[in-house]
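Encoded as structure tokens, the structure appears first; notes follow it.
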Amino acid sequence: MKLISVVVPCYNEEEVLPMFYDEIIKVSDAMKQEHPDIDFEFFFINDGSKDRTLEIFRELADKDERVRYISLSRNFGKESAMYAGLKNSKGDFVVVMDADLQHPPAFLPQMYNYVKDGEFDCATTRRVSRKGESKIRSFFARLFYKIMNKISQTEIVDGAQDFRFMSRQMVDAVLDMSEYNRFSKGIFSWVGFRVQYMPYENVERPAGTTSWSFWGLFKYSLEGIMAFSTAPLAISIFMSILGALLSVLLIAAGIIGSIFLPDLGTALLIIGAVLLVGAVQLMCTGILGMYLGKTYMEVKKRPIYLAGETDETYRGRKKKNAGK
Ligand code: UDP
Ligand code: MG
């Protein structure tokens with residue numbers, strides 16, 4: 001038997017949870033009919049909700065023993081809730097998805113087909129449109145992906161989402177990234193593995209409201225840049241070099257100028273000197289920052305490498321396929 005864990009972080013989702021449950025049961029029953037060798041567990045995380053989310057978990061657990069849940073002591077944010085879910089899930093495959101049906105359960109059968117034989121380690125959706133989202137939000141989202149992919153070695157696919165069907169191997173890799181400031185779009189991409197992207201159109205929430213404000217998203221995107229790039233530090237060093245060059249020009253112009261126009265020459269000399277001091281300071285801060293940045297990346301204690309396929313998994317898969 002193979003176990004599939006469906007991990008669902010929930011924050012104030014009393015309105016959509018019953019709908020979500022009905023939907024996921026429908027899909028999982030159909031999948032079980034097609035593949036009799038799979039079992040499901042539905043693992044819900046209550047991320048410190050202030051509504052009846054936890055009571056609904058209890059009701060679901062009463063009537064369905066495949067339902068498991070964990071209730072966090074307060075609101076830790078979706079990233080932490082997701083980590084808690086991955087950490088406590090037992091499945092050979094793990095699905096992470098939102099409770100609000102913006103990640104349609106109807107995708108699961110196809111996703112399972114991609115990962116079931118080890119062809120892919122992860123199947124995930126990619127939004128091809130941002131329908132139903134405000135223009136400003138879309139604009140800034142696009143801008144973020146542009147900047148992020150310019151300055152970070154970890155490529156983040158525009159429109160990639162936290163709707164993922166993963167093998168145990170990939171889940172364990174994600175859990176190995178035990179950093180505290182989690183930016184999962186980056187983490188999922190950093191661990192690598194073979195990922196299948198499935199295009200889909202944005203779906204709107206049937207009920208409830210998004211818990212993301214514009215400010216919240218802005219902070220989250222800064223978090224992402226900080227977690228996967230030290231480029232902003234390099235920028236300060238670059239600026240300081242520009243400043244130093246400019247100041248040298250000004251000082252040279254000041255020296256020559258003071259022969260012909262003493263007032264202008266002196267002014268240029270003063271501006272040049274101030275700029276030079278500023279540039280030197282910025283350079284020192286930048287260098288200090290670079291070392292701090294290295295320390296920052298080190299203290300995350302990320303794994304040095306992650307293995308994908310080995311001869312063992314390859315032979316195991318071959319044997320299993322031959323037995324079919
Ligand atoms: N969520 C969570 N903790 C939070 C905020 C959100 O667990 O602090 C969950 C939420 O219940 C939902 C998912 O994360 O299942 C996505 O949240 P939301 O729909 O608000 O985000 P959006 O789809 O607008 O990005
Ligand atoms: Mg949503």
Any side-chain heavy-atom pair from E201 and V128 closer than 4.5 angstrom?
yes
Check: D47 main-chain N/O paired with N75 side-chain donor or acceptor under 3.5 Å:
yes
Report yes or no: does E23 contribute a side-chain atom to a donor-acceptor pair with the main-chain N or O of L101 at less than 3.5 Å?
no
Please check: side-chain N/O of N149 versus main-chain N/O of Y145, any donor-acceptor pairing under 3.5 Å?
yes
Cationic tip of R142 above F144 ring, under 6.0 Å, 45° of axis:
no
I need the minimum non-hydrogen distance between T53 and D51, along with the two atoms involved.
OG1-OD1, 2.6 Å
Please tell me whether V195 and M148 are part of a single hydrophobic cluster in this structure, the criterion being side-chain heavy atoms less than 4.5 Å apart.
no
Non-hydrogen atoms of P109 and V27 that approach each other most closely:
CD-CG1, 3.9 Å
Considering residues, nucleotides and ligands other than M239, do more than 12 of their heavy atoms fall under 6.0 Å from its CE?
no
Examine F165 together with Y114 and report whether their ring centres are nearer than 6.0 Å.
no
Evaluate the criterion side chain to side chain contact (heavy atoms under 4.5 Å, CB included) for residue pair F228 and S189; output intermediate values, then yes/no.
CA-CA 11 Å; F228 283 89; S189 153; over 6 Å; no
More than 12 heavy atoms of other groups within 6.0 Å of E55 CD:
yes
L17 vs E14, side chain to side chain contact (heavy atoms under 4.5 Å, CB included): CA-CA, chis, key distance, verdict
CA-CA 5 Å; L17 256 177; E14 61 177 5; over 6 Å; no
Quick check: closest heavy atoms across F44 and C10, and the distance to 0.1 Å?
CD2-SG, 4.1 Å
Treating T124 as the side-chain partner and F163 as the backbone partner, does any N or O pair qualify as donor plus acceptor under 3.5 Å?
yes
Calculate, to the nearest 0.5 Å, the distance between atoms CG and OG belonging to L275 and S247 respectively.
5.0 Å
Mind checking whether M111 and L108 have side chains closer than 4.5 Å, heavy atoms only?
yes
Looking only at atom types and distance, does a side-chain atom of K32 sit under 3.5 Å from a main-chain N or O of I38, one as donor and one as acceptor?
yes
Around atom CD1 of I136, are there more than 12 heavy atoms of other residues, nucleotides or ligands at under 6.0 Å?
no
When you compare the side chain of D64 with that of I25, does any pair of heavy atoms fall below 4.5 Å?
yes
Applying side chain to side chain donor-acceptor pair (under 3.5 Å), name anything that partners S89, two or more places apart in sequence or on another chain.
R168
Would you say that Q196 contacts Q110 through its side chain, given a criterion of any heavy-atom pair below 4.5 Å between the two side chains?
no
Centre-to-centre under 6.0 Å for F140 and F214, is that the case here?
yes
G265 backbone acceptor or donor facing S258 side chain under 3.5 Å
no
Ring center gap for F183 and Y220 short of 6.0 angstrom:
yes
Distance in Å, I235 CD1 paired with L282 CG, rounded so as to fall on 0.5 Å steps:
11.5 Å
Using every non-hydrogen atom in the two residues, find where N46 and S71 come nearest and quote the distance to one decimal.
ND2-OG, 2.9 Å
Taking side chain as C-beta onward, heavy atoms only, is S167 less than 4.5 Å from V115?
no
Correct closest heavy-atom pair for S229 and I151 would be OG-O, 3.1 Å
N-O pairing of D158 and R127 below 4.0 Å:
no
Any Y200 side-chain heavy atom under 4.5 Å of P104 side chain
yes
Shared hydrophobic cluster for Y197 and F193 (ILVMFWY, side-chain gaps under 4.5 Å)
no
Give me the atom names and distance for the closest heavy-atom approach of K90 to E41.
N-OE2, 3.0 Å
Between atom CZ of R74 and atom OG of S49, what is the distance when rounded to the nearest 0.5 Å?
14.0 Å
Side chains of I251 and L269 in contact at under 4.5 Å (non-hydrogen atoms)
yes
Look only at the side chain of D98 and the backbone of D100, and say whether a donor-acceptor pair between them is shorter than 3.5 Å.
no
Selection residues 13-37 - residue pairs positive for ring pair (Phe, Tyr, Trp, His ring centres under 6.0 Å), sequence neighbours left out
H35-Y112
Are the side chain of D92 and the backbone of L3 linked by a donor-acceptor contact shorter than 3.5 Å?
yes
Drop me the distance from L72's CG to I70's CD1, to the nearest 0.5 angstrom.
6.0 Å
Any F40 side-chain heavy atom under 4.5 Å of M31 side chain:
yes
If I take atom CE from residue M290 and atom CD1 from residue I287, how far apart are they, to the nearest 0.5 angstrom?
9.0 Å
Quick one: does E179's side chain have a donor or acceptor within less than 3.5 Å of a partner on K300's backbone?
no
Could you list the residues that satisfy side-chain contact (heavy atoms from CB on, under 4.5 Å) with D162, not counting sequence neighbours?
K78, M82, S184, K185, F188
